[in-house]
Amino acid sequence: MSGTNEHPPAYDPAIVEPKWRRRWEERRTNTVDLTGAARPFYNLMMFPYPSAEGLHVGNVFAFIGSDIHGRYRRLQGYDVFEPIGFDAFGIHSENYALKVDTHPAKLIPRNIVRFREQLRRVGLMVNWEHELSTTDPTYYRWTQWVFLQLYRAGLAEKKAAPVNWCPECKTVLANEQVINGFCERHPEIAVIQRVLEQWFFMITRYAERLLDNLATLDWSDTTRTAQVNWIGRSDGAELVFETPVGEPIAVFTTRPDTVFGATYVVLAPEHPLVERLTAAEHRSDVNAYLRHVAQTDLVSRKVGGNDKTGVFTGSYARNPATGETIPIWIADYVLMEYGTGAIMAVPAHDERDFEFATAFGLPIVPVIEPADGVSGTLPFTDWDGTLVNSGAFDGLGCREAVGAVTRWLEERALGAGRVQYRLHDWCISRQRYWGPPIPMLYCDACGTVPVPEADLPVILPPLENFRPDESGISPLARNEAWYRVPCPTCGGPARRETDVSDTFLDSAWYFLRYPSTGFDDRPIDATVTKKWLPVNTYIGGNEHAVLHLMYSRFITMVLHDLGHLDFEEPYRTFRAHGMIVKDGAKMSKSRGNVVVPDEYIGQWGADTFRLYMMFLGPYLEGGDFRDEGIIGQRRFLDKVWDLVGAVTAGAPEPNEAVRKLHQTVRGVTDDIAALHYNTAIAKMMEYVNVLRGAGEVPAALVEPLVTMLSPFAPHFAEECWERLGHEGTVFESGWPTFDADLAREDQVEIVVQVNGKVRGRVRAVAGLPEETAVTLAREDASLRKFLNDKTIRKTVYVADRLVNFVI
RNA sequence: GCCCGGGUGGCGAAACGGCAGACGCAAGGGACUUAAAAUCCCUUGGGGGCAACCCCAUCUGGGUUCGAAUCCCAGCCCGGGCACCA
């Protein structure tokens, strides 16, 4: 075998990568002992929706970044659990299935096979023994169980609610499928609204806790801010406007200080008092208006600013502050789902009311004078003003007037302080096929009855034709054999709920299931959950900053309150990574700019590709995908490969390379911890460049490099580790430590400035006292012409870095 | 309209308020080669100068500071999210 002119083998990922993937499987390298682990660390990444196109580079970017974190934690000595699964139910899969005319039950398993293969090839430290899919009855059985827990807790309610309806598709559309009021699939068809019975989760009852807890979480600020805004807390008051029909109109306002300027009241078209307050002679106008509103879809109704429409009811209400009677109008700029569904209109101090009052010739009474005394143009909506035309409150500042006016009205039972949230209750009904059936029954005798937990799962029945139709009722309603069942309570005839639940319910609890996938008789095993949860680090995209992250926090809180969990926040640390775009735009099938990683991984290997994705730009910011420059990462690996092949025995002499090693360990450690992967790679490259210029390189200088590189290029690092004579896995080598003394430079270059401009540099021993350094700087020859005989007014000294003379 | 990001060489980018452009790509020159590829060495923000050096330069305009890519104010552009929320 051995020749005389033996060259070390060149690095070939096509050999190295399959070899190590096989070994990891054989040796169960990525499997953690869930019961025995001493230092459990739960590293979570967002499970993908297994689309027909396969994983794209955006998904892979997210996974690689999370995987690097997991591997880094493992090297620090943690027992890292890094699971993956598939978010395979939902309207995406269903719509795609309809389009290609293949049943999702056939399509999805096919896609999952492809995804698994792609994920495997990326070289993630995934523990495949805990894989899950939301479409698996052993999973959605417990999704249904979660629904029942909420129902038991009184947090699930069925009520009528408007939905978007496309008359052409003959189906309910999600808000995101409505584009400027038109159906996304039929751009010429206007979407209308229809009222259907839907199941809701009462997440609004948790609004305050969801908001307050945010301050305690270690989350990316952008994500936290998004949640704060989504919850949208407003402090204000609910005020009472008496009406001739006995029942008063309650309005919510954040500006009770402007109540003296309320010149009319507006009801949402769906407001319960509309009917009773409509005077006979206005009946036909009102009915015509209500019909008009029903023709408009929910989205374009809210897209607004412009043309206000409305109609007068013919009735009047009493302004609780002035005692005057003011007209009651109906207008669709008032939304039933926010506040009380009615407002007091203060046209002088609200943009929308001003527009409406102008359009319909209603009176505009200013009650706030701008603080600067200049009577500004109306509407004046700022807080910095004083009250006028407001009786005893004239002269008060707006902010103090809020409390004073509210208290005054409260004494007469005409108002009270109130907090309002923008957060809506979570509609979880979908009149669709591809989801877990909602586990409820309707019995003629007993009414609404939950499916007993022992009868779960309610299996989603095979259905040849799952296309939604004009009925607005789920396709499951066509399967009579399935929905007709005896009532579990009385045995009489009952029918199943035929709606399925929202995909966001599937994903709201998947992280709770991963550690417990081995238990088929319970959703969440108490012992294993206590050990592994809450999640230590969750890394994912900010596109889920509100919905998914909010829903999973809510579900976790509810399960905690019911005694199923002993923590109420699911994710200790959340980091939002950036988005990978292509040519400046989000990747999407419709844009045709989706890039899949397969070709690159095939050509360069996973390790080069992983490094490349992470080097593309800051992980937390994302960037535009392009493929120029992959070669740079391959060159880097080749250089490390050559260093590994040429190491010498013996201990390293203290020299420049040793210092650089310790600096590199320090820098890379900090960078990885902060998810600054691009600069971590750059620092390793610098170190490699130093080693290459250093002549003989002892193994002790290369081994820590291999370890630091291993989270980024795991297969490559394993092979190098083996070539360095080690058995086992590099992931048990331990994260390298650094010595601050050895990292310290003993010579520094001090920049000498005159008035902030660099005029010279002096080399000096590090750590010089200020006086010595300043003297040294002043004597520098290149400074002479700038200083000459001028007086130095001030000297600024930054240790080991700079001296600045101000003249 | 509102809320988040972001604007730095030919390109991706770096830079505790302290030498702007680390690291990498591309490009140009050279070495090796019959040749090409690969590899190695050198150059590479703009302008001036034989040169040591000097001037200009981080979207624009102001400000704070001994000193600003970085902090503050105003504006422009790009990306993402929300959208009549009273």
Could you check which nucleotide pairs with B/rA15 in any of the strands shown, counting Watson-Crick or G-U wobble with both distances under 3.5 Å? none
Span that lies between the P atom of B/rC53 and that of B/rA14, in whole angstrom: 31 Å
With a 3.5 Å distance limit and no angle check, can you tell me whether A/Asn59 reaches the backbone of A/His56 through a side-chain donor-acceptor pair? yes
If the C1' atom of B/rG47 is compared with that of B/rU39, how far apart are they to the nearest Å? 36 Å
Side-chain donor-acceptor contact under 3.5 Å, A/Arg553 with A/Gln227: yes
Using a heavy-atom cut-off of under 4.0 Å over every strand shown, decide if A/Lys683 touches base, sugar-phosphate, or nothing. nothing
Tell me the interatomic distance from A/Phe636, atom CZ, to B/rC40, atom P, rounded to whole angstroms. 14 Å
I'd like the C1' distance from B/rG61 over to B/rC66, given in whole Å. 24 Å
What is the base-pairing partner of B/rC82, counting Watson-Crick and G-U wobble geometry with both distances under 3.5 Å? B/rG1
note: A/Asn689, atom CG; B/rG24, atom P; distance rounded to Å ~ 5 Å
Please confirm whether the backbone N or O of A/Thr204 pairs with a side-chain atom of A/Asp425, one donor and one acceptor, at under 3.5 Å? yes
Rounded to whole Å, how long is the line connecting atom NZ of A/Lys639 with atom P of B/rA38? 14 Å
Yes or no on side chain to side chain donor-acceptor pair (under 3.5 Å) for A/Asp350 and A/Thr381, after CA distance, side-chain angles and deciding distance? CA-CA 6 Å; A/Asp350 182 278; A/Thr381 58; over 6 Å; no
Please state whether the base of B/rG12 and the side chain of A/Glu628 form at least one donor-acceptor pair under 3.5 Å? no
Can you tell me, in whole Å, how much space there is between the C1' of B/rU44 and that of B/rG62? 35 Å
Between P of B/rC11 and CG of A/Asp583, the distance in whole Å: 16 Å
d(CZ, A/Arg692; C1', B/rC40) in whole Å: 8 Å
Under 4.0 Å between any heavy atoms, over every strand shown, what does A/Gln753 touch: base, sugar-phosphate, or nothing? Just pick one. base
How far does the P atom of B/rG24 sit from the matching atom of B/rG45, given to the nearest Å? 15 Å
Would you please confirm or rule out a distance under 4.0 Å between OP1 or OP2 of B/rG24 and any side-chain N or O of A/Arg634? no
What integer number of Å spans the C1' atoms of B/rG67 and B/rG63? 15 Å
Per the O4'-C1'-N9-C4 / O4'-C1'-N1-C2 angle with a 90° window around 0, B/rG63 comes out anti
Distance to the ring centre below 6.0 angstrom and angle to the axis at most 45 degrees; does that hold for A/Lys660 and A/Tyr687? no
If the plane angle is over 60° it's perpendicular, under 30° parallel, otherwise tilted; pick one for A/His544 and A/His548. perpendicular
Once you apply a heavy-atom cut-off of 4.0 Å, does A/Asn804 come out as touching a base, just sugar-phosphate, or nothing? base
Separation of B/rC82 atom P from A/Ile231 atom CD1, nearest Å, is 16 Å
Can you tell me if A/Lys757 touches the phosphate of B/rC19, counting only side-chain N or O atoms and a distance under 4.0 Å to OP1 or OP2? no
Sidechain N-carboxylate O distance under 4.0 Å for A/Lys683, A/Asp671: yes
If I pick the C1' atom on B/rA57 and the same atom on B/rA20, what distance separates them, to the nearest angstrom? 9 Å
What's the CD-C1' distance between A/Glu543 and B/rC4, to the nearest Å? 14 Å
Does a side-chain N or O from A/Asn542 land closer than 4.0 Å to OP1 or OP2 of B/rG5, or not? no
Does B/rU39 have OP1 or OP2 under 4.0 Å away from a side-chain N or O of A/Arg635? yes
Would you say A/Thr679 reaches B/rC23's phosphate, i.e. side-chain N/O to OP1/OP2 under 4.0 Å? no
Taking atom P in both B/rC71 and B/rU8, compute the distance separating them and give it to the nearest angstrom. 16 Å
Sort out the partner of B/rA57 for me: Watson-Crick or G-U wobble, both distances under 3.5 Å, none otherwise. none
Tell me what A/Asp624 touches on the nucleic acid: a base, only sugar-phosphate, or nothing, going by heavy atoms under 4.0 Å. nothing
Under 4.0 Å: is that the gap between some side-chain N or O of A/Arg759 and OP1 or OP2 of B/rC55? yes
Distance in angstrom units between A/Tyr687 OH and B/rC23 P, rounded: 17 Å
What is the pairing partner of B/rU39, taking Watson-Crick or G-U wobble pairs with both distances under 3.5 Å in any strand? B/rA31
